[in-house]
Amino acid sequence: MPVQNSLMDIKNLHIHFNMRQGVVRAVDGASFQIAPGQIIGLVGESGCGKSVTSRALLRIEAPGKIIAGEILYHSQDNSTQQLNQLDPCGDTIRALRGRDIAMIFQEPMTSFGPMHTIGAQVREAILVHHPMSKKEAWHLAVEALKWARFPNPENVAGRFPHQLSGGMRQRAMIAMALSCRPRLLIADEPTTALDVSTEAQILDLLSERQESLGMAILYITHNLAVISQIAQIVMVMYLGKIVEQAVTETLFNAPKHPYTRALLESIPRLDREPGARLAVIKGMLPDPYKRPTGCPFHPRCSMMIPELCPIDDPAMTVTSDGSRVACHLYKN
Ligand SMILES: Nc1ncnc2c1ncn2[C@@H]1O[C@H](COP(=O)(O)OP(=O)(O)O)[C@@H](O)[C@H]1O
Ligand code: SF4
Ligand SMILES: [Mg+2]
């Protein structure tokens with residue numbers, strides 16, 4: 001699936017954590033592209049490397065280390081910056097964070113400090129990148145809260161984070177993240193801690209802001225049902241690798257990789273026969289210190305080819321309907 005006009009190119013990224021017990025290969029050769037204005041979903045079981053991958057795009061991978069690979073950012077002026085070569089504490093990446101690439105997390109309290117009002121914190125986020133008077137920045141902060149669908153944004157601006165509900169805090173964090181109109185928003189499980197109706201509101205808000213601002217979103221979740229509601233393209237990650245990437249409709253209607261199929265079989269569906277049991281993916285994610293050889297999914301795969309899969313790690317292949325899949329069943 002070639003991306004015409006790329007915002008970011010991630011090539012063969014490897015990120016390791018050196019622990020006393022051994023090396024955790026959290027990201028193990030992930031490659032993907034993000035196009036401007038695209039909503040791209042990243043899905044996979046907990047611990048597969050979604051957060052480590054996405055944080056590395058902002059160079060906040062420590063204590064992990066980028067061992068190999070490239071993270072290319074194509075700026076609006078058509079220049080390309082190799083983010084993996086930047087000092088993670090240096091001015092260049094700090095100028096990009098928040099202004100070009102913003103991030104929201106599962107827990108908004110990691111973004112908001114407890115001691116200042118929401119308005120003051122959104123105002124400071126604006127002032128980091130755009131020199132203007134405090135009054136002007138306050139006005140923009142209130143405007144950003146209005147975009148985030150607070151009926152009374154001035155009132156919310158004057159409140160402290162602990163005075164808001166979880167869903168309101170999440171909307172305020174989105175307001176802060178979007179206040180500088182970033183070109184890419186990384187949303188790492190932003191609705192996982194919320195109830196279903198608040199989750200629906202947040203997904204709707206993000207889709208609407210994405211359309212009006214024309215920004216790209218990298219939406220991360222372990223929940224395929226959520227990804228189907230927001231993403232145009234879905235990437236499935238397993239043990240630090242992208243094992244399948246497809247247009248959302250194709251991924252759901254014609255999944256290729258046995259891991260994607262197993263994930264899809266494990267989500268509840270309304271058309272399932274009453275009483276039918278959900279399939280559970282066989283086995284557990286392997287111990288991070290003992291990665292399987294060959295195809296990383298082979299110990300859990302019902303389609304495993306014994307003489308091939310435990311030995312040879314399959315390369316990515318493009319199928320006739322445009323999906324990209326790393327599995328020996330789809331070799332050209
Ligand atoms: N600070 C850390 N120290 C050691 N290992 C880590 C650290 N952060 C993440 N990891 C490991 O990296 C792997 C990927 O983690 P993560 O990206 O957080 O998974 P996900 O977001 O998909 O649930 C896991 O094995 C996790 O234990
Ligand atoms: S390469 Fe083999 S083990 Fe891996 S997913 Fe495909 S069939 Fe299963
Ligand atoms: Mg995570």
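In listed order, ligands and their atoms are each counted from 1. Only a predicted model underlies this, so the values are computations on that prediction, with no experimental measurement involved.
Taking the six-membered ring for Trp and thresholds of 30 and 60 degrees, Tyr238 and Phe297 have ring planes more than 60 degrees apart, a perpendicular arrangement.
For His14 and Asn12, the side-chain atoms include at least one donor-acceptor pair closer than 3.5 Å. Defined by atom type and a distance below 3.5 Å, a donor-acceptor pair is present between the side-chain atoms of Asp77 and Ser79.
Formation of a donor-acceptor pair under 3.5 Å by the Arg183 side chain with backbone atoms of Ile101 is not found in this model.
Each protein N, O or S atom less than 2.8 Å from atom 6 (Fe) of ligand 2 was counted, giving 1.
Which of Asp188, Leu239, Val52 comes nearest to atom 16 (P) of ligand 1 through a heavy atom is settled by distance: it is Val52.
Near Met19, meaning under 4.0 Å from any of its heavy atoms, are these atoms of ligand 1: 4 (C). Of all the atoms in ligand 1, the ones that sit under 4.0 Å from a non-hydrogen atom of Ser46 are 23 (O). Set against the non-hydrogen atoms of Pro63, the atoms of ligand 1 under 4.0 Å away are 1 (N).
Between Cys180 and Ile126, the shortest heavy-atom contact is SG-CA, 4.0 Å. Closest of all the heavy-atom pairs between Leu185 and Met103 is CD1-N, 4.3 Å.
Sorted by first and then second residue, the pairs that involve residues 14-35 and meet salt bridge (charged side-chain N to carboxylate O under 4.0 Å, His left out), not counting sequence neighbours, are Arg25-Asp28, Asp28-Lys241, Asp28-Arg291.
Atom 3 (N) of ligand 1 is approached by the protein to below 4.0 angstrom, counting heavy atoms only.
Looking only at heavy atoms of the protein, atom 24 (C) of ligand 1 is closest to Gly47 O, 3.6 Å. Of all protein heavy atoms, the one closest to atom 12 (O) of ligand 1 is Ala26 CB, 3.2 Å. The closest protein non-hydrogen atom to atom 18 (O) of ligand 1 is Ser51 CB, 3.8 Å. In this structure, the protein non-hydrogen atom closest to atom 10 (N) of ligand 1 is Phe17 CE1, 3.8 Å. Summary of contacts: the protein heavy atom closest to atom 27 (O) of ligand 1 is Val24 CG1, 5.0 Å.
For the side-chain hydrogen bond (donor to acceptor under 3.5 Å, both in side chains) with Tyr73, the lone residue among Asn84, Asp9, Asp100 that qualifies is Asp100.
Ile220 CD1 to His222 NE2: the interatomic distance, rounded to the nearest 0.5 Å, is 13.0 Å.
With a 6.0 Å cutoff to the six-membered ring centre and a 45° limit on the axis angle, Arg300 does not count as a cation-pi contact of Tyr259.
By the criterion of side-chain heavy atoms lying less than 4.5 angstrom apart, applied directly or through intervening Ile, Leu, Val, Met, Phe, Trp or Tyr residues, Leu329 is grouped together with Val325 in one hydrophobic cluster.
At under 3.5 Å, not a single nitrogen or oxygen of Thr53, backbone or side chain, sits near a nitrogen or oxygen of ligand 1.
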